[in-house]
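All remarks here apply to the structure that follows.
FYI, side chains are in, hydrogens and waters are out, and symmetry mates aren't considered; it's all heavy atoms of this structure.
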Amino acid sequence: MSTDVTGTEPPEPPTMSDVAPGHGPRARRRRVRGLGRAAAGLVAFTALAHSLATHLRGWILFDYARSGYSGAILPAVHAGDAGVGAATAVGAVAGVVFVAWLFRARRNVGSEAPPPVSSTGVPREPVLGPGWAIGAWFVPILNLVLPPIVLGDVWRGSRPTARPGYRLIIVWWLTLCGALLLNAVADMTRAAPANQLGPQVAVPAFEEAAILNSAAALCTLVSGALLVKIISRVSRWQARWFGGPGRQRRRGWPRRAVTVLGVMWLLMVVGLTMGQRLLIYPTLAPPVPSVEVAGPTARAVTVHTEDGLALTAWLITPSGPDRHAHVLFAQGNAGNRGVRAGLARRIADAGFTVLLLEYRGYGGNPGVPTEAGLATDARAGRQFLIEHAGARPDRLLYFGESLGSAVVTGLAASHPPGGLVLRSPFTDLASVGERQIPIVPVRLLLADHFPVIEQIRRVPSPTVVIYGGADRLIPPAQSEAVAAASPHLVRTVPVAGADHNDPALADSEEIISALRQLADDRRGR
């Protein structure tokens with residue numbers, strides 16, 4: 001190597017690891033390749049899951065309206081709601097990872113290297129600083145324009161050529177906003193006939209909404225694919241500033257498969273944890289009909305809870321001979337008071353005064369349903385019957401179906417009734433969840449528990465348990481276990497061949513017969 005006249009050696013020419021194409025000497029930057037891969041993978045998974053869930057849910061709701069709000073389709077409706085909720089929860093995780101990647105990539109662009117040169121030869125400074133990589137998403141109104149500007153800065157500042165290439169980001173942002181807009185319009189289209197009765201009104205609106213949901217799903221897929229492409233390109237360009245990706249260990253396909261399955265399982269756990277209450281309390285239901293569907297003696301009443309809510313419920317008085325007994329009717333987790341009006345009316349025709357309780361968050365009521373909230377609603381219903389309907393505690397019966405059986409069992413443990421009728425009770429909520437989703441630690445994740453098997457042991461009232469012999473949601477063994485734990489069991493009534501929502505169980509004459517038996521036993525004392 002030659003030396004100059006002073007005897008010193010000339011400096012070595014810069015290498016690719018020291019110079020970023022078009023950016024001058026390498027400054028202090030952070031690697032984004034690994035974070036970019038994580039963000040791209042999560043975005044791709046979220047886009048696919050959310051688009052599929054949105055598309056299916058729209059057409060499930062259309063079938064629900066077309067069937068006249070059939071209870072047979074309700075499980076599919078609940079599954080569709082849960083799918084969208086889980087996909088949204090996973091999307092939140094993907095959003096956090098993406099914003100972290102965007103912030104780091106924007107910091108790299110704003111490092112000590114000179115800004116990229118535009119096609120006119122003028123240095124192009126970034127428009128927004130690194131902090132906007134996070135804040136741009138949360139500024140009202142401006143969050144409609146700021147995110148693509150931030151991402152555009154990162155794109156232009158990372159690209160090794162002077163070409164702007166901004167159109168890809170604009171198309172991504174337009175398709176994303178289009179998906180959000182189409183879903184919002186679909187929801188408004190379905191909500192328009194909410195106060196109209198009859199499927200002939202709702203079916204056309206639900207079909208139009210389903211088409212809009214499908215269009216939104218397509219926009220979501222396109223938007224997700226474009227964002228994955230943007231993340232991958234920017235990560236690859238910035239990786240060149242470090243002299244390439246460097247040496248990497250190659251992993252075999254078994255390890256990759258385990259990693260992918262592990263990530264998918266973790267995403268499912270996160271989604272179910274964040275969206276669990278959408279599964280437990282699906283408040284979507286057909287419009288609440290007029291109170292007249294519960295009979296000529298039915299009237300709407302307001303039940304005031306101790307935490308300040310005003311809940312609408314229906315009070316149905318006997319149309320014939322009065323047994324001078326009252327029934328607190330706690331329904332399951334799906335539907336509203338209109339769905340159970342037929343059974344409540346037949347109970348009233350048998351001589352009972354019935355309060356058809358409507359939980360918070362259901363049937364137009366305020367509030368958000370939780371285990372503690374439903375317990376508060378049940379106490380308020382009992383107090384209403386005693387103070388405003390003339391119920392005597394020893395002539396007051398509790399009837400609960402499915403989730404409602406857990407609600408009235410908890411109430412009976414603290415405020416014993418004259419009798420307790422449980423239709424399809426479960427031992428505890430976690431046992432039901434573990435059977436439905438066995439690969440997830442449901443018991444550890446649940447926020448609400450409903451420990452029926454523990455509470456029934458403290459109930460001093462005569463109890464009747466009714467259950468379906470072919471119940472696929474709540475196994476007969478769980479209802480039998482509840483009956484076995486009751487210290488004052490009168491009898492169990494298995495309905496052979498009946499599934500959870502079959503009329504032979506849900507509207508069984510055995511329910512009315514059990515209420516009659518308990519009322520007559522109390523009268524004889």
Side-chain angles (χ1 to χ4, degrees), residues 30-57 80-107 130 132-139 143-144 146-152 154-155 158 168-169 171-184 213 216-236 238 256 258-276 278-279 440 445:
R30 299 199 175 197
R31 299 180 186 272
V32 297
R33 197 74 179 266
L35 194 59
R37 286 171 176 168
L42 285 169
V43 167
F45 181 82
T46 300
L48 181 61
H50 201 280
S51 60
L52 182 62
T54 301
H55 168 76
L56 292 177
R57 179 179 179 271
D81 291 343
V84 172
T88 302
V90 174
V93 177
V96 171
V97 177
F98 167 71
V99 170
W101 169 86
L102 183 62
F103 178 76
R104 180 174 291 186
R106 178 61 186 81
R107 288 282 299 272
W132 286 105
I134 300 174
W137 307 85
F138 305 103
V139 182
N143 56 13
L144 296 176
L146 292 181
I149 294 176
V150 175
L151 191 55
V154 174
W155 178 274
S158 305
L168 185 65
I169 295 172
V171 175
W172 158 70
W173 187 245
L174 289 177
T175 52
L176 177 61
C177 292
L180 297 175
L181 179 62
L182 287 170
N183 279 326
N213 283 141
L218 180 60
C219 287
T220 300
L221 275 177
V222 174
S223 174
L226 292 176
L227 185 56
V228 168
K229 186 174 183 178
I230 292 168
I231 294 172
S232 300
R233 284 193 178 180
V234 170
S235 298
R236 186 171 66 250
Q238 292 199 5
R256 290 180 181 272
V258 170
T259 301
V260 170
L261 291 175
V263 170
M264 293 179 65
W265 178 85
L266 183 61
L267 291 175
M268 182 173 62
V269 169
V270 171
L272 290 173
T273 301
M274 298 181 65
Q276 60 180 278
L278 294 176
L279 274 172
V440 172
L445 303 177

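- Between Val234 and Ser158, the shortest heavy-atom distance links the atoms CG1-OG, 3.8 Å.
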Distance-only criterion, 3.5 Å: show the donor-acceptor pairs between side-chain atoms of residues 46-53 and protein atoms not counting sequence neighbours.
from	atom 1	to	atom 2	distance (Å)
Thr46	OG1	Leu42	O	2.8
His50	ND1	Thr54	OG1	3.2
Ser51	OG	Ala47	O	2.8
Ser51	OG	Leu48	O	3.0

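- Judged by distance alone, the side chain of Ser232 and the main-chain N or O of Val228 form a donor-acceptor pair under 3.5 Å.
- Rounding to the nearest 0.5 Å places OG1 of Thr220 at 8.5 Å from CG of Leu182.
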Review point. Given Arg233 and Trp155, is the side-chain contact (heavy atoms from CB on, under 4.5 Å) satisfied, shown in steps?
Key: CA-CA 9 Å; Arg233 284 193 178 180; Trp155 178 274; 3.7 Å; yes
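- Taken to the nearest 0.5 Å, the CG atom of Leu144 stands 11.5 Å off from the CH2 atom of Trp137.
- Every residue two or more places apart in sequence or in another chain that forms a side-chain hydrogen bond (donor to acceptor under 3.5 Å, both in side chains) with Ser235 is listed here: Trp101.
- Atom-to-atom distance recorded for Gln238:CD and Arg33:CZ is 11.0 Å, nearest 0.5 angstrom.
- With a 4.5 Å cut-off on side-chain heavy atoms, Leu151 and Trp173 do not count as touching.
- From Leu278, atom CG reaches atom OG1 of Thr88 across 8.5 Å, with rounding to the nearest 0.5 Å.
- Note that CD1 of Ile169 and CG of Leu174 are 12.0 Å apart. Values are rounded to the nearest 0.5 Å.
- Contact of the Trp172 side chain with the Val222 side chain is not registered, since no non-hydrogen atoms from C-beta on lie closer than 4.5 Å.
- When all heavy atoms are compared, the tightest approach of Leu146 to Ala136 is CB-CB, 3.5 Å.
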Practice item. Start with the C-alpha gap between Leu168 and Ile230, add the side-chain angles, then the distance that decides, and say whether side-chain contact (heavy atoms from CB on, under 4.5 Å) holds. Key: CA-CA 8 Å; Leu168 185 65; Ile230 292 168; 3.7 Å; yes
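- With rounding to the nearest 0.5 Å, the separation of SG in Cys219 from CG in Asn183 is 9.0 Å.
- Between Gly36 and Ile231, the shortest heavy-atom distance links the atoms O-CG2, 3.4 Å.
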